[in-house]
Amino acid sequence: MQSLIIFASGRGSNAQAIIDYFNNDSGVEVALIVSNKKDAGVLQIAADNNIPSLVVDKQSFNNSSFADTLKGYTPSLIVLAGFLWKVPDAVVKAFSGKIINIHPALLPSYGGKGMYGHHVHEAVIAAKEQESGITIHYVDEVYDNGGIILQARCTVSAEDSPDSLAQRIHKLEHFFFPRTIEYMLESK
Ligand code: GRF
């Protein structure tokens, strides 16, 4: 059995897509969902799917024992799906090459601190870009910096709003994120 741990701060549509994708795969389970927000939609998704969840505050998240808590779940991958805190260096070191993130733009453009959610799509539209997309990448000690695993592109039209672009990006995410995870698990 290969285990995944998902970190998420928001509504959790990517977490849902990952759970659904592996639902009929007896070899992969989502063992834990971690959130930094006690009212995040992703926690309801965890409850609905009988997946253990953990709400962390800054202190416990940054405590050196947090990596040990995660080790207890022996994850093959830790998946950041809309998680807004920087992962502590101790966790990055403990799970080197095993933490991945999804970013709703084509890195290295539109990444870095403060570039999340609607801020990303607003910046892409303000710059009159004709395409955007998603980037799935390894997590290292620097925001949005680790090696790129997969990028997928979509068009941006002059009529797009941050909302309509976000919807198009979510479609890409929901298709490619579970499949990229599956590919990574199979190539280990
Ligand atoms: C996604 O667009 C992801 O790329 C970004 O945050 C969003 C999370 O959406 N990092 P959801 O909570 O999975 O619906």
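First listed ligand is number 1; within each ligand, the first listed atom is number 1.
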Geometric cation-pi criterion, Arg179 with Tyr183: 6.0 Å, 45°: no
Any Ile169 heavy atom less than 4.0 Å to ligand 1: no
contact_flag His170 ligand 1 heavy-atom lt 4.0 Å: yes
Contact atoms of ligand 1, heavy-atom distance to Gly82 under 4.0 Å: 5 (C), 6 (O), 8 (C), 10 (N)
Contacts of type side-chain hydrogen bond (donor to acceptor under 3.5 Å, both in side chains), residue Asp20, not counting sequence neighbours: Gln16
Side-chain donor/acceptor of Asp25 to backbone N/O of Gly27, under 3.5 Å: yes
Shortest protein heavy-atom distance from atom 10 (N) of ligand 1, along with the residue and atom involved: Ile102 O, 3.4 Å
Donor-acceptor contact present, side-chain Glu182 to main-chain Phe177, <3.5 Å: no
Interfacing atoms of ligand 1 (cut-off 4.0 Å, heavy-atom, Arg11): 12 (O), 14 (O)
Which of the ligand 1 atoms, numbered from 1, are nearer than 4.0 Å to a heavy atom of Ser13: 11 (P), 12 (O), 13 (O), 14 (O)
For Asp89, side-chain hydrogen bond (donor to acceptor under 3.5 Å, both in side chains) partners two or more places apart: none
N or O contact, Ala15 vs ligand 1, cut-off under 3.5 Å: no
N/O donor-acceptor pair under 3.5 Å between Asn49 side chain and Ile45 backbone: yes
For Glu173, the ligand 1 atoms whose distance to one of its heavy atoms is below 4.0 Å: 1 (C), 2 (O), 3 (C), 4 (O)
Within-cut-off N or O pair, Asn14 and ligand 1, under 3.5 Å: yes
Close side-chain approach of Ser76 and Lys98, heavy atoms under 4.5 Å: no
Non-hydrogen atom of Gly12 closer than 4.0 Å to ligand 1: yes
